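Just below is one structure, and these are the notes that go with it.
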Amino acid sequence: MSAILELDRVGKTFTADGHRVVALEDVSLSFERGECHAIVGESGSGKTTLANLVLGLIPPSAGSIRFNGVPLPGERSREQRRSIQLVQQNPLSALNPRRSVGASVRLPLDVHGIGTSASRASRVAALLEEVGLDGDYARRSPRGLSGGQRQRIAIARALACEPELIVLDEPTSALDVLVQARVLQLLHRLRVARGLTYLFITHDLAVVRAIASRVSVFQKGRLVETGPVEAIFSDPKTAYTRQLIGAVPVVTDEEARLRDAIRAGAVPMDAT
Amino acid sequence: MMLAPTAEPVLTIRDLRLAFGSRRNATPVLHGISLHVRTGEKVALVGESGSGKSVTARLAMGLLQESPRTHATGSIRFDGIEAISGGREIARRRGNRVAMIFQDPTSALNPTFRIRGQFRDVLRSGDRGIRDDEADRRAEAALAEVSIPDPKRALDSYAFQLSGGMNQRVMIAMALANRPALLMADEPGTALDVTVQAQTLGLMHELTERRGTAVLLISHNLGVVREFADRVYVIYRGRMVEHGTTAQLFHDPRHPYTRALLAAIPKISGGGLPDLPERSPDFDQPMVVHEGCGEPAERRP
Amino acid sequence: MSEPGSPVVARRGGSRAVAAFVGNPLSVLGLVIVVVIVLLAVFADFVTPFPDHVGPIGDFAAMSAAPASPYVLGTDAMGRDLFTRIIYGYRLSLIMAVVVLAIATPVGVIVGLVAGYKGGWTDYILMRITDVFLAVPPLVLAMAIMGFLEPTLMNGMLAITAMWWPWYARLVYNVTRAEAQEGYVLAAETVGASTLHILFREILPNCWPSILTKMTLDVGFVILMASSLSFLGLGVQPPTPDLGSMVAEGAKYMPDGWWLSLWPALAILLVVLGFNLVGDGLREAFEAEN
């Protein structure tokens, strides 16, 4: 049981135009190595701020963040940045339109000085193959590529410098249904094969059920509920979580039964 | 709903074909689709991106035909007129006989005008001579109907001052203000939080049910479709592939594409993710029409 | 399984741009004009009939002679062949434009990149300085600067450069602000890329279309500005052949000596037109690329 990331009473407040906005307050959470941990919340929940804090893009206003037991400073070094990477929501904006796919995937290698230019080229090809794309894609421009293809390239880029933890911010929300299924499978496969830890931010509770083992629910900057995914769906403890599950548009009768039971506050008989 | 056999549907699309580009080198987008919506019915058009569902709705409103690089053939009958070539007739009906609401409510409203002014424009589209105070009175009533807590203040606000959920309600109120025969909803609520989306859809359902407004819902979200629609068309790459009532489609999906879609969606009841191709030659199989559903027969001239 | 993104699409982007340019007759016309002028200017020594007429002395026997052989465009008050002097005038104008842009563009681009990406006080200070320069009408500003300096070619170029860079700063600032919001910039930041990398390897490439288009259009406008300054006596001094000075000198003899001003003026018009057409064509080509 090794905690790869620990948030200890973390808070973040922004001042804009004289107003203080409390984006996160008193968040204590730990992430186990190798797990897929879902972060669920609506707008204003603070999930984006949480991602930015974990990625080291902004420093916390309160509390501390520890990675592998070592506290992370507000301003991180390049080396520290290597271990935590990001896959963003919008695949159309994630790749520089004026650089080739290969250059984008190679970026982490260039920044961290990994290997030689020849070895980087072959690593890029290997990464592209690992995400299900032909090595030829390296020469291409991102123009004309579909959302699914771009997201795969973004995933390849995130893997390039061998991170330990990946923050995924709604990685499939902008993708079509069939594409989303394929990309979620890919993410699952990669996590298992490489022993990665995922901080998987999503608003879609069905995706949480399909891919995560633990889930934390945020509302208005506070951690409202956290626990194993199965437990959240069989016995949600807070009204907000019930409300979230109750609002999911479902497609099967089985789901409808589960959802109605949760809405009504009853614990469903079959805990699956 | 029992209808007289000769009652004409509010919207009838027949063999609609659409291509973009120059005359000689046009890219086909729609390959001959047909659908119909009857009075008071809620019909959904479901597809992924690039399926052609959004352009179908825009063609039905007469919004794309005017562009020189757009080539549409077929028939779009609405409110007794033929709308395939666009023109003045369908333009006159926009905003009053047929209305549309869009995916992102905040950007669909004009940021430089207050809600009041935009509402007046909408009401004027239905009644040219309406007076300002009468328009405001009706606007307030419309906003109250969509459960906006302080209609007067909302009217005085700009779109960016209201939340996404509020703007969505404002848009629905504006769309239904002139009591249209048909409401087209293009991915409503997609830009909103789940809880707000659920409320919005509930509201839309209730209002359209109460007034007998027909609805054509464009969506990629099968869950939303299941909650909202009576009948469903599934569109894949410019072709209709399945058509049935909601119950038929969700309990007995027959076309490989529909089955793939339903299987690919993660379920809150569990089950992980199946292994599915993004594309498959099976998806090009001919259309499946469930019992009792079929396009209305051609009217004899 | 046919993929929507194939290597063919990548090539098509670049060739779409070329096709858009070549398909526009005005752009091609502009390019022809520009190429001809540039070649004439480069090979002035070989192409002009009277290369020694660039000095103070011409053919005293044919002073202010109307267009006739061998002086096809006529001669000026010092008996110098106008055609020759116009070609050398082109050479001078083009050199000035190249030097001005070679200095003003990098300065403006760097200011725009840094201000646009950094934001905060850096942004505020840099852009307010830029605004001060932009607020003054260009010619007035150039004249003001020249008022402090001796009227020479170098100083003329200095003045124009000083008032030219802010336009590039503003242009690049706008593009940078928009691009800084894009996902690929965030990706570079999370990876730990240096600010230098982000500015010059990520954001700047997205500014090139705007910069190159503007530079092309600017060649004509710099020439126009330089000609205006020398027309007012503030730039190049005689006997150096300069299009603006030639128009000014010839103005005294209007309308009898019509050729003295007309040909230099048309020459200015032609070069400005040529570069404008090419610049517009470039803009359309870049749009077609997407």
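In what follows, every heavy atom counts, from backbone to side chain, and hydrogens, waters and symmetry copies are set aside. Here is how names work: the chains are called A, B, and so on, in the same order as the sequence lines, proteins then strands, and each is numbered from 1. If you're wondering where the values come from, they're calculated on a predicted model, not measured in any experiment.
More than 12 heavy atoms of other residues, nucleotides or ligands sit less than 6.0 Å from atom NE2 of B:His31. When the shell of 6.0 Å around CZ of B:Arg259 is examined, it contains 12 or fewer heavy atoms from other residues, nucleotides or ligands. Remark: A:Arg20 CZ is loosely packed, at most 12 non-hydrogen atoms of other residues, nucleotides or ligands lying under 6.0 Å away. When the shell of 6.0 Å around CZ of B:Arg153 is examined, it contains 12 or fewer heavy atoms from other residues, nucleotides or ligands.
Among all heavy-atom pairs drawn from A:Val251 and B:Gly223, the shortest one is CG1-N, 3.5 Å. Scanning both residues, A:Ala247 and B:Val194, for their nearest heavy atoms gives O-CG1, 3.3 Å.
The CG atom of A:Leu244 sits 9.0 Å away from atom CG of B:Asp193, with the distance rounded to the nearest 0.5 Å. The CG atom of A:Asp204 sits 10.0 Å away from atom CD1 of B:Ile268, with the distance rounded to the nearest 0.5 Å. The distance from the CD1 atom of B:Ile265 to the CG atom of A:Leu178 is 9.0 Å, given to the nearest 0.5 Å. Considering CG of A:Asp176 and CG of B:Leu261, their distance stands at 9.0 Å, rounded to 0.5 Å.
By number of non-hydrogen pairs under 4.5 angstrom with chain B, the leading residue of A:Ser43, A:Ala181, A:Gly148, A:Gly41 is A:Ser43. Ranked by non-hydrogen atom pairs under 4.5 Å with chain A, the options B:His251, B:Gln199, B:His220 are led by B:His251. Contact tally against chain B (heavy-atom pairs below 4.5 Å) for A:Val179, A:Leu205, A:Leu175: the top residue is A:Val179.
When heavy atoms are compared at a cutoff of 4.5 Å, B:Glu227 approaches chain A solely by way of its side chain, counted from C-beta outward. Within the 4.5 angstrom heavy-atom criterion, atoms from both the backbone and the side chain of A:Asp253 approach chain B.
Using a distance-only test at 3.5 Å, with no hydrogens or angles considered, no donor-acceptor pair links the side chain of A:Glu254 to the main chain of B:Ser269.
Considering only heavy atoms from C-beta on, B:Leu192 stays 4.5 Å or farther from A:Glu42 through its side chain. In this structure the side chain of A:Val250 reaches within 4.5 angstrom of the side chain of B:Arg226, judged on heavy atoms.
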